[in-house]
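See structure below.
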Amino acid sequence: MMLEKRVAVVTGASRGIGSAIALGMAQQGADIAVLYSGCAESAEKVCARARETGVRAFSYKCNVADYMMTESTVMRIHNDFGKIDILVNNAGITRDSLVMQMTESDFDEVISVNLKGAFNMIKHTARQFAKQKSGRIINISSVSGMMGNSGQANYSASKAGLIGLTKTVAKEYASRGITCNAIAPGFIATSMTESMPEEARTAAVSLIPQKRMGKPEDIAALAVFLASEQAGYITGEVIKVDGGLYI
Ligand code: NDP
């Protein structure tokens, strides 16, 4: 097993890509902290499925945009599990509209969750990673952050920001045995993309050379690898998982 005796914290793990990452890591032997913002029941279900693999799993309500809450949650996780080895910043939201219609709060909210949320979590875990001279940080960005996307100025800016954050954290912490990488998914079938209008979804799929949306497990497979010992010499990378959407 690739992640035996590791402890992984996954934000936004109550559904979609986050839950697939949490379960993928549990299947490789990692204990899991499942962070969620709203749905305790879904988070508990993910924990129950993780426990079936024989690992420990607990859920924590944590709005990643709230600096103090991320600090206290990281402390609780550390107390419950004794350590943290892997941080996956997956929590994310969309508030799509053209810039002309986008409100200030649409912009601020998306940046606060998607970008500042990752900073908050890194801030509180990296100190301990540095002390233990090891750690894996994986940020879930998006191809929207690399190519831009009409209707997603806030989201694309947050995901591009995550790439800058990833590269900087990789440089600052490389000498302390910590790696930091980003995964940039294309269109993945989750509740986030289900909320798109049918025509927009069909148009999006037609642009993908593989002519299909990805599965959350496609992202989880890479996250598991990046968290493993074998990926120790990979840092500051942004890896697309998009069926060829952005070549
Ligand atoms: P979902 O909408 O299915 O799930 C989002 C998750 O984020 C939920 O677990 C939700 O928790 C959590 N969340 C939302 N707001 C907060 C917050 N303030 N604090 C903590 N957790 C929060 O999204 P996906 O699984 O599709 O996306 C996961 C990540 O992948 C996101 O960062 C997204 O931007 C990125 N991505 C997704 C793509 C796609 O096509 N689906 C493409 C590219 C990137 P709760 O349910 O408890 O509210």
Side-chain angles (χ1 to χ4, degrees), residues 9-24 32-47 59-70 72-74 77 87-96 105 108-121 124 138-149 151-152 154-163 165-166 182-196 200-201 204-205 207-208 212-220 222-223 238-243 245-246:
V9 175
V10 185
T11 69
S14 53
R15 57 192 153 93
I17 293 170
S19 69
I21 293 173
L23 293 171
I32 307 291
V34 170
L35 272 58
Y36 67 98
S37 66
C39 189
E41 205 184 319
S42 308
E44 257 318 301
K45 277 188 191 154
V46 175
C47 288
S59 65
Y60 302 83
K61 185 174 171 67
C62 177
N63 172 8
V64 295
D66 182 330
Y67 186 85
M68 303 295 279
M69 196 182 287
T70 53
S72 60
T73 304
V74 168
I77 296 168
L87 167 65
V88 183
N89 286 308
N90 165 81
I93 58 168
T94 52
R95 295 286 180 272
D96 295 354
S105 68
D108 289 349
E109 224 182 303
V110 169
I111 298 290
S112 294
V113 175
N114 298 9
L115 180 55
K116 186 170 169 256
F119 167 77
N120 290 345
M121 291 299 297
H124 302 309
I138 299 162
N139 295 323
I140 307 300
S141 177
S142 168
V143 290
S144 293
M146 304 174 84
M147 59 197 275
N149 196 21
Q152 292 198 309
N154 48 3
Y155 184 80
S156 299
S158 72
K159 295 299 186 179
L162 261 184
I163 292 172
L165 179 67
T166 300
I183 299 176
F187 287 100
I188 309 296
T190 67
S191 52
M192 185 174 273
T193 41
E194 260 164 39
S195 66
M196 288 165 72
R201 238 193 354 251
V205 170
L207 298 173
I208 303 170
R212 66 172 180 88
M213 293 180 89
K215 301 186 297 290
E217 290 73 20
D218 294 326
I219 310 303
L222 177 58
V238 183
I239 305 177
K240 290 177 278 138
V241 181
D242 68 350
L245 174 63
Y246 184 43

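Counting starts at 1 for both ligands and their atoms, following the listed order. No hydrogens, no waters, no symmetry mates; every other heavy atom, side chains included, goes into these values.
Atoms of ligand 1 lying under 4.0 Å from at least one heavy atom of S191, given by number and element, are 1 (P), 2 (O), 3 (O). Using a 4.0 Å cut-off to heavy atoms of C39, the atoms of ligand 1 that qualify are 47 (O). Within the listing of ligand 1, atoms 7 (O), 20 (C), 21 (N), 22 (C), 32 (O) sit less than 4.0 angstrom from a heavy atom of A91. Heavy-atom proximity to F187, at under 4.0 Å, picks out these atoms of ligand 1: 40 (O).
With hydrogens and angles left out, the side-chain atoms of N90 and T11 include no donor and acceptor closer than 3.5 Å. For T190 and R15, the side-chain atoms include no donor-acceptor pair closer than 3.5 Å.
With a heavy-atom cut-off of 4.0 Å, A184 does not touch ligand 1 at all. Under 4.0 angstrom from ligand 1, the non-hydrogen atoms of S37 come from both its backbone and its side chain. Within the 4.0 Å heavy-atom criterion, the part of K159 lying near ligand 1 is the side chain and not the backbone. Heavy atoms of V64 found under 4.0 angstrom from ligand 1 belong to the backbone as well as the side chain. Residue contacts with ligand 1, taken as heavy atom pairs separated by less than 4.0 Å, involve V113 solely via side-chain atoms from C-beta onward. If you look at S141 next to ligand 1, the close heavy atoms, those under 4.0 Å, all belong to the backbone.
Scanning the protein for heavy atoms near atom 40 (O) of ligand 1, the closest one is I188 N, 2.8 Å. Protein heavy atom closest to atom 24 (P) of ligand 1, with residue, atom name and distance, is T190 OG1, 3.6 Å. Distance from atom 9 (O) of ligand 1 to its nearest protein heavy atom, with residue and atom name: S14 OG, 2.8 Å. Protein heavy atom in closest approach to atom 20 (C) of ligand 1: C62 O, 3.2 Å. Nearest non-hydrogen protein atom to atom 38 (C) of ligand 1 is G186 O, 3.9 Å. Distance from atom 5 (C) of ligand 1 to its nearest protein heavy atom, with residue and atom name: G92 O, 3.8 Å. Here the heavy atom of the protein found nearest to atom 33 (C) of ligand 1 is Y155 OH, 3.4 Å. Of all protein heavy atoms, the one closest to atom 15 (N) of ligand 1 is I93 CG2, 3.5 Å.
The shortest N/O to N/O separation between N63 and ligand 1 falls below 3.5 Å. Residue-to-ligand polar distances place G38 within reach of ligand 1: an N/O pair is separated by less than 3.5 Å. Here's the thing with G12: one of its N/O atoms is less than 3.5 angstrom from an N/O atom of ligand 1. Between P185 and ligand 1, no pair of N/O atoms sits closer than 3.5 Å. Considering both main-chain and side-chain atoms, R15 comes within under 3.5 Å of ligand 1 through a nitrogen or oxygen pair. Residue N114 places no N or O, backbone or side chain, under 3.5 Å from any N or O of ligand 1.
Considering only non-hydrogen atoms, atom 32 (O) of ligand 1 lies nearest to N90 out of I17, I140, D66, N90.
Under the 3.5 Å distance criterion, the side-chain polar atoms of K116 are left unmatched by any main-chain donor or acceptor of Y67. Side-chain N or O atoms of T193 include one that pairs as donor or acceptor with a backbone N or O of I188 at under 3.5 Å. The backbone N or O of S37 lies less than 3.5 Å from a partner atom in the side chain of K61, making a donor-acceptor pair. Between the side chain of N139 and the main chain of S141, no donor-acceptor pair closer than 3.5 Å is present. Proximity of a side-chain donor or acceptor of D66 to a complementary backbone N or O of N63 within less than 3.5 Å is not detected. Looking at N114, its side chain does come within 3.5 Å of a backbone N or O of I93 through a donor-acceptor pair. Using modelled atom types, one side-chain atom of S156 and one backbone atom of S144 make a donor-acceptor pair closer than 3.5 Å. Side-chain atoms of N149 never come within 3.5 Å of backbone atoms of Q152 as a donor-acceptor pair (strictly under, hydrogens ignored).
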Next item on the list: Determine, stepwise, if the pair V110 / L115 fulfils side-chain contact (heavy atoms from CB on, under 4.5 Å).
Entry: CA-CA 8 Å; V110 169; L115 180 55; over 6 Å; no
Next item on the list: For side-chain contact (heavy atoms from CB on, under 4.5 Å), just list the numbers for V238 and I163, CA-CA rounded to whole Å, side-chain angles, deciding distance to a tenth of an Å, and then say yes or no.
Entry: CA-CA 7 Å; V238 183; I163 292 172; 3.6 Å; yes
Next item on the list: Quick one: do S59 and Y36 satisfy side-chain contact (heavy atoms from CB on, under 4.5 Å)? Show the steps, please.
Entry: CA-CA 7 Å; S59 65; Y36 67 98; 4.1 Å; yes
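Atom OG1 of residue T166 and atom CD1 of residue I183 lie 10.0 Å apart, to the nearest 0.5 angstrom. Atom-to-atom distance recorded for M196:CE and R201:CZ is 7.5 Å, nearest 0.5 angstrom.
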